[in-house]
Amino acid sequence: MPTRLCYRSYAKINLYLDVLQRRGDGFHDLETLFQSVSLYDTLTFKARHEGITLEGAPPELGPAASNLIVRAAHLLQKHTGTKQGAAISLEKRIPAAAGLAGGSGNAAATLAALNRLWELNLPDGDLHALGLELGSDVPFCLLGGFAAATGRGERLTPLPAAPPLQWFVLLHPAVAVSTPAVFNDPRLTKNAAAVIDGMTPAFAGLVNALARGEDATAPPADTARAPLFYNAMEAVTFAMHPDLARWKAWLLEAGCAAAMMSGSGPTLIGVCRDRAQAEAIAAAVDGVRASVVQAVPASLKDCTHGENPA
Ligand code: C5P
């Protein structure tokens, strides 16, 4: 029985994001493409007789009790009735409230790690359902890789890796964006297209092209197919923070094949040809934090053995 586990939780970016109608439960149906990327937080979990403690969470994440890590641990205790506890430490690198699902990834790592540490043996479906109680992005953060998502973001279709979508520059402007504020802003244009078999036909066209391994970065020959690199939330977040539109334009001028905002922002994604281009563009950025990231095939990685957790 392990007494200590270490997990990396990777950030996600969205390479397409459209918002459909508001639902009876207050959430919106959306259509999105998620990709896990190599920027990660490190969490360690040590077994304790009782109680959940968390150290290392930066102050901007707010009080420990409301942290998604602590909430995930309490939810697992409640769901299973276990009295076991854990001392959890967090090394945070993913910016908070940035559109990168950093907190959701931490919650996914906590569910996966404590399921093992406490020997609960919950199946993936249970973790998925508990994850969705914690946040719309948590189910994807349990899966990782490249995937299409519908519903609140929890109905997932895994996709094969797309070769032109491997290297990215991320720009991290120093503003925090409230996701509910963006979803509820009257400026958000919602796609009223009908959903057929779980997806709008335009999104289904994009997902099918990616599932067949086609290069979907080229403009669609079939105009009914949704294009990559679209984010309906840009209009709202850019209106709140006009600098973000300027940074997006800067990425395109710097030579990125495409640029877009991730999630509700403010992170901006520059799509690059290769690592060398991504590094050259990141080195030229002045005035905002930048990272070079690569697509990764999973959102969680066990780093308990044989790997420097830093
Ligand atoms: O699920 P999550 O905690 O990430 O959602 C934060 C807020 O974003 C929700 O309370 C809701 O206002 C909005 N949201 C939404 N539709 C979604 C996901 C989030 O309206 N699919």
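Counting starts at 1 for both ligands and their atoms, following the listed order.
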- Do R8 and D41 sit within salt-bridge range, that is, some charged N less than 4.0 Å from a carboxylate O? no
- Item | Inter- and intrachain pairs under salt bridge (charged side-chain N to carboxylate O under 4.0 Å, His left out), touching residues 277-288, at least two apart | R275-E279
- Note on the structure: Within the 4.0 Å heavy-atom cut-off around ligand 1, the contacting residues, ordered by chain and number, are G26, F27, H28, L30, G135, S136, R152, T179, P180, F183
- Indicate whether any N or O donor in one side chain lies under 3.5 Å from an N or O acceptor in the other, for N184 and R22. yes
- Classify the ring geometry between Y16 and Y230 as parallel (under 30°), tilted (30 to 60°) or perpendicular (over 60°). tilted
- Message: Run the ring-ring contact (aromatic ring centres under 6.0 Å, His included) test against W250 and tell me which residues pass, sequence neighbours left out.
- Response: W247
- side chain to side chain donor-acceptor pair (under 3.5 Å) partners for R289, two or more places apart: none
